[in-house]
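Data first, discussion second: the structure below is written as structure tokens.
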Amino acid sequence: MMEEEDLEFVEELEAVLQLTPDVQLAIEQVFPSQDPLDRADFNAVEYINTLFPTEQSLANIDEVVNKIRLKIRRLDDSIRTVVRGQTNVGQDGRQVKEITRDIKQLDHAKRHLTTSITTLNHLHMLAGGVDSLEAMTRRRQYGEVANLLQGVMNVLEHFHKYMGIPQIRQLSERVKAAQTELGQQILADFEEAFPSQGTKRPGGPSNVLRDACLVANILDPRIKQEIIKKFIKQHLSEYLVLFQENQDVAWLDKIDRRYAWIKRQLVDYEEKYGRMFPREWYMAERIAVEFCHVTRTELAKIMRTRAKEIEVKLLLFAIQRTTNFEGFLAKRFSGCTLTDGTLKKLESPLASTNPFLEDEPAPEMEELAMEKGDVEQPKKPKAPDSPFHGIVSKCFEPHLYVYIESQDKNLGELIDRFVADFKAQGPPKPNTDEGGAVLPSCADLFVYYKKCMVQCSQLSTGEPMIALTTIFQKYLREYAWKILSGNLPKTTSSGGGLTISSLLKEKEGSEVAKFTLEELCLICSILSTAEYCLATTQQLEEKLKEKVDISLTERINLTGEMDTFSTVISSSIQLLVQDLDAACDPALTAMSKMQWQNVEHVGDQSPYVTSVILHIKQNVPIIRDNLASTRKYFTQFCIKFANSFIPKFITHLFKCKPISMVGAEQLLLDTHSLKMVLLDLPSIGSQVVRKAPASYTKIVVKGMTRAEMILKVVMAPHEPLVVFVDNYIKLLTDCNTETFQKILDMKGLKRSEQSSMLDLFRQRLPAPPSGPEGSSSLSLLAPTPEQESSRIRKLEKLIKKRL
């Protein structure tokens, strides 16, 4: 049992003594040993086998055991020595603590003694300082008082925790009493030097008052504020007398005298009192600021009384002189005394990319910048507003309605001048740089708008800016109506169209065009001007929102005016489309009245096609050249013309009845010719071939392909009926009965034949063709040899014509 316990103890001991490889390596490096007993992988069995390799070696077992016991004893002695050494160290530490305890007591005693001596010195200084302070105060020795008072107050701060001691509390109360007496005495001295009653001042400042200001810096801030208030009030008392409301110099026309007076007073102050007050009091700036407050109040009062006498020139004169004076103050002073944040305007956002921001000297440069809308042009950052901006001129804001009314009148006269100039000079001349150009009057209008906006924003960014915006809206609409819409050519009913016989004889029909070259150029010019106005109005709206107070931005909305210019653009495009459309009408009428059943052979394109192409070649290049600066609106013109001409062409196509097979082939050739011309419409007659827009090409292909499909259905034999009906449904995908009946009319079928075909058409609508019927309808499209040769001849003619 004991052996088992010993084994368990040994195992536990080995587990405890098991060291990590890193620790074992460190031990071996510090204490290198060759003894097997020191090895980490010591094995007792192997060690015993090494000591007693044979049975004969067991004879000296006692000697081996004695050596091991001796080794164990020596090891125990070493361990004991180390443990005792550690114990002695602990005893030495306790002895050190006992020694240092005495030293610490001495340190505390020294520190307390030093504090006591310092406190006694401070107390001596405080007591002596209070006595000296009271004596100097009675003798008005403010220069010495200023230095002494600050020292006494600094010393007194050390005794805050000793205020429970009666003597200390008594000294503190004496200091407070001395401060109170000083404040009252200094105020009395200033009252005596600068009496409130009367306007006479002493000859100059005294050194006593200068030193008194230094003392006031240390006393309660209210003493300093009272001195400043009394001095400024006395300094401006003469101003209130000279510029009373009933005085002639008080009115706006002599506002310069107010500002000249304060400038003289500031110079007088610097000469007489500049050194009396400390620089950090900023007395000159405080005088100027108080003058501004008084002036603003007085001007507001007198303008309310004499509001009917205010004229725009007088108002602008007063505002200009006032803003100049505010600029003078901003250069002279820092504005650090202006703590009232309401005097400072909110900073406007960073410069945007609209043309109204550019401070160009010449209107031509402004016009160019507005037209191009150059985003990359560097903008000058807006200088921050000075703290003096509006400090006086704010009083003019309630009377700015006079300015707004004046601008309303000026803009009305400007619009009338534009109308008169247009009548006198006439429309832009074609075949010159003026053709299709923006009317110069619109640039003049927006330059004037910019000047008004900048001027008004300098006067106010509140309600007057909203009123000015309303005036801008009014005259933008008037410009759109009187200058743009009012000068658009009127369509006339008598166009002198071509007769059918003249068309068939292939005579030129240029006289069909309702608008002359000058009128076309005018329409394009008005369109370009409306586009310019639309873009610039949007920029104007953005700039107005930047200038006005943030709380009022929602009230600025020029969307209605932009819509007005958009309407002018649409009307101009519609006029151009109607003109070309009307020029093509006689040709389409001639097409519908030709005897297509009598056409015996397929020839070149018909005369009506030549007439249509002639009108297109006459009008489109003129329009394209005059709308070179607004390509997107030329594209709109092309799209609108295609959307108008193609349905009208199909309508006249249905009127061509009856049609023979050869007649249908001729119409198919004509339709293909028109399709090619329409696809080439955007660049027709141009040396620079530009690919037509995809949106336009899609409309032309879709519309003219429908016309071609109609003719192919007409060319197809109407028997068998089922195949014809299914072929119609497949080619035209039109389920309208009226369209189907028009096809039958074009084929010249009798009403009795049409009735049965219509019934069959209605029956076949729900079920699309499939299976063998589909194949039969496909076979229907296969051309006969005669048709194939006819088409080859037409293609050869087309190719020759193109070449």
Side-chain angles (χ1 to χ4, degrees), residues 187 190 194 196 199 201 205 209 213 216-217 221-245 249-250 252 254-303 318-347 383-398 458-462:
L187 288 176
F190 270 93
F194 305 102
S196 300
T199 59
R201 302 176 193 161
L209 294 181
C213 291
N217 259 343
R222 286 177 292 183
I223 303 297
K224 171 185 168 183
Q225 295 299 330
E226 188 67 22
I227 293 172
I228 293 173
K229 180 179 177 181
K230 285 189 175 183
F231 179 81
I232 294 177
K233 182 178 180 182
Q234 198 275 341
H235 214 72
L236 295 179
S237 57
E238 178 185 346
Y239 173 70
L240 293 173
V241 174
L242 291 175
F243 294 91
Q244 284 182 358
E245 187 176 348
V249 293
L252 300 181
K254 296 181 177 60
I255 198 169
D256 277 341
R257 298 190 183 184
R258 293 178 181 266
Y259 305 134
W261 183 90
I262 189 60
K263 289 177 182 178
R264 290 195 302 271
Q265 295 305 310
L266 291 175
V267 172
D268 180 64
Y269 165 81
E270 292 293 343
E271 292 176 353
K272 293 183 178 180
Y273 308 103
R275 296 183 181 181
M276 188 176 81
F277 294 99
R279 181 172 295 181
E280 62 270 19
W281 284 23
Y282 301 103
M283 285 299 294
E285 180 176 322
R286 292 181 186 275
I287 293 171
V289 169
E290 183 61 26
F291 167 82
C292 292
H293 292 325
V294 172
T295 302
R296 186 178 66 202
T297 304
E298 292 297 316
L299 287 176
K301 188 191 304 181
I302 194 171
M303 283 192 291
I319 292 174
Q320 182 184 7
R321 293 295 189 269
T322 302
T323 52
N324 290 344
F325 174 70
E326 291 172 348
F328 162 77
L329 294 181
K331 293 178 181 178
R332 177 86 180 269
F333 304 115
S334 64
C336 59
T337 62
L338 289 171
T339 55
D340 185 4
T342 57
L343 292 177
K344 298 183 181 181
K345 289 172 56 179
L346 294 169
E347 290 187 7
D385 292 320
S386 81
F388 292 95
H389 181 77
I391 191 171
V392 179
S393 57
K394 210 172 185 65
C395 66
F396 298 110
E397 188 168 321
Q458 291 173 348
L459 307 180
S460 170
T461 56

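Numbers for residues simply follow the sequence, beginning at 1. Heavy-atom basis, side chains included; hydrogens, waters and symmetry copies ignored.
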Please assess L242 against R257 for the test side chain to side chain contact (heavy atoms under 4.5 Å, CB included), listing each intermediate value before the final yes or no. CA-CA 10 Å; L242 291 175; R257 298 190 183 184; over 6 Å; no
Steps toward side chain to side chain contact (heavy atoms under 4.5 Å, CB included) verdict (Y269, H235): CA-CA 9 Å; Y269 165 81; H235 214 72; 4.0 Å; yes
Given side chain to side chain contact (heavy atoms under 4.5 Å, CB included), test L266 with F333 step by step and report yes or no. CA-CA 12 Å; L266 291 175; F333 304 115; 4.2 Å; yes
Is there a side-chain hydrogen bond (donor to acceptor under 3.5 Å, both in side chains) between T295 and Y259? Walk through the geometry before answering. CA-CA 10 Å; T295 302; Y259 305 134; over 6 Å; no
Kindly indicate, with the supporting measurements, whether the criterion side chain to side chain contact (heavy atoms under 4.5 Å, CB included) is fulfilled by I232 and L236. CA-CA 6 Å; I232 294 177; L236 295 179; 4.0 Å; yes
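Side-chain contact between F328 and I262 is absent, with no heavy atoms from C-beta onward closer than 4.5 Å. Looking at I391 and H293, their side chains come closer than 4.5 Å, going by heavy atoms from C-beta outward.
Judged as a side-chain contact (heavy atoms from CB on, under 4.5 Å), and not counting sequence neighbours, the contacts of S334 are E285, C336. Partners of K254 under the salt bridge (charged side-chain N to carboxylate O under 4.0 Å, His left out) rule, at least two apart in sequence or in another chain, are D248. For T323, the side-chain hydrogen bond (donor to acceptor under 3.5 Å, both in side chains) test picks out no residue, with sequence neighbours left out.
The main-chain N or O of W281 is found under 3.5 Å from a side-chain atom of R286 such that the two form a donor-acceptor pair. A donor-acceptor contact shorter than 3.5 Å is absent between the side chain of E298 and the backbone of F243.
Nearest heavy-atom pair, F325 versus C292, reported as atom, atom and distance to 0.1 Å: CE2-SG, 3.9 Å. The two residues E397 and G462 make their nearest non-hydrogen contact at OE2-CA, 4.4 Å. Nearest heavy-atom pair across E326 and S393 is OE2-N, 2.9 Å.
In this structure, D256 CG and T322 OG1 are separated by 8.5 Å, a value rounded to the nearest 0.5 Å. Interatomic distance, K394 NZ to L299 CG, rounded to the nearest 0.5 Å: 15.0 Å.
Shown here is K263, whose NZ atom has more than 12 heavy atoms of other residues, nucleotides or ligands within 6.0 Å.
Between K272 and D268 there is a salt bridge, since a side-chain N of the basic residue sits under 4.0 Å from a carboxylate O of the acidic one. By the 4.0 Å N-to-carboxylate-O rule, E226 lies too far from K229 to be salt-bridged with it.
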